[in-house]
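It should be emphasised that the depicted structure is a prediction, and the values quoted were computed from it without experimental measurement.
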Amino acid sequence: MAEDGQIISCETVASWNEQLHTIKASKKLVVVNFTASWCGPSRSMIPILVELAKKLPDVIFFKTATRDFDVQALPTFILLKQGNIVDKVVGARKDELQQKITLHTSKV
């Protein structure tokens with residue numbers, strides 16, 4: 001597991017499957033960034049995610065190139081709690097992503 005303020009990178013299907021256990025067990029909000037190095041909008045969101053990870057130590061951030069959760073477009077951000085999808089943002093929508101993270105971290 002990464003330290004607070006970091007994004008956990010899952011480059012292979014095996015590493016992603018391994019991290020799924022952590023995701024399902026976590027009571028923290030988990031934000032998974034489905035991305036690709038060739039995707040301009042995905043690359044544009046990386047500095048934003050790094051900043052969010054630093055500001056929000058109670059949120060776990062992942063990035064992966066795997067295609068899980070029926071991802072159809074990049075970037076896609078899946079928000080999970082205890083392994084259950086609570087929200088989704090499709091596209092490089094910084095403001096929408098921040099609003100949804102705030103919404104789900106403020107719920108008790």
Side-chain angles (χ1 to χ4, degrees):
M1 185 59 90
E3 294 181 24
D4 290 344
Q6 294 184 344
I7 300 171
I8 302 165
S9 182
C10 300
E11 301 297 327
T12 65
V13 172
S15 67
W16 171 244
N17 288 336
E18 195 175 298
Q19 290 295 342
L20 275 176
H21 295 295
T22 302
I23 290 169
K24 289 177 181 176
S26 179
K27 294 185 181 191
K28 291 182 175 183
L29 179 66
V30 175
V31 177
V32 182
N33 173 20
F34 291 91
T35 186
S37 60
W38 50 261
C39 177
S42 290
R43 288 193 315 266
S44 74
M45 290 298 289
I46 295 299
I48 294 159
L49 288 177
V50 168
E51 187 63 29
L52 287 172
K54 287 178 184 175
K55 287 182 184 177
L56 302 168
D58 290 332
V59 179
I60 302 170
F61 290 86
F62 286 90
K63 73 173 185 165
T64 184
T66 65
R67 297 291 169 258
D68 208 347
F69 297 102
D70 197 31
V71 169
Q72 301 292 317
L74 298 175
T76 293
F77 303 91
I78 304 287
L79 286 70
L80 303 114
K81 279 193 175 174
Q82 295 181 309
N84 298 311
I85 296 173
V86 295
D87 227 323
K88 180 178 184 177
V89 176
V90 178
R93 297 183 172 152
K94 171 188 170 185
D95 294 336
E96 183 180 351
L97 180 61
Q98 289 177 321
Q99 289 169 357
K100 290 188 177 193
I101 289 171
T102 300
L103 173 69
H104 293 290
T105 54
S106 63
K107 290 182 178 181
V108 177

[atom1]/[X] to [atom2]/[Y] distance, rounded to the nearest 0.5 angstrom?
X	Y	atom1	atom2	answer
Leu29	Thr105	CG	OG1	6.5 Å
Lys94	Glu51	NZ	CD	9.0 Å
Leu97	Leu79	CG	CG	6.5 Å
Thr64	Ile78	OG1	CD1	12.0 Å
Lys54	Leu56	NZ	CG	12.5 Å
Cys10	Asn33	SG	CG	11.0 Å

Under a 3.5 Å distance rule, please check whether [X] uses its side chain to pair with a backbone N or O of [Y] as donor and acceptor.
X	Y	answer
Ser26	Thr22	no
Lys88	Thr76	no
Lys100	Phe77	no
Thr35	Lys63	no

Hydrophobic cluster identity match, [X] and [Y], side-chain contacts under 4.5 Å:
X	Y	answer
Val90	Val86	no
Ile48	Val89	yes
Ile46	Val31	yes
Val13	Phe62	no

Query raised in the report: Do Leu52 and Val59 have side-chain heavy atoms sitting under 4.5 Å apart?
Result: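 No, side chains not in contact.
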Requested in this report: Measure across Leu80 and Gly83 and return the closest heavy-atom pair with its distance rounded to 0.1 Å.
Outcome: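 Of all heavy-atom pairs spanning Leu80 and Gly83, the closest is CD2-O, 3.6 Å.
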Requested in this report: Determine the minimum heavy-atom distance between Ala92 and Pro41, stating which atoms define it.
Outcome: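 That would be CB-O, 3.8 Å.
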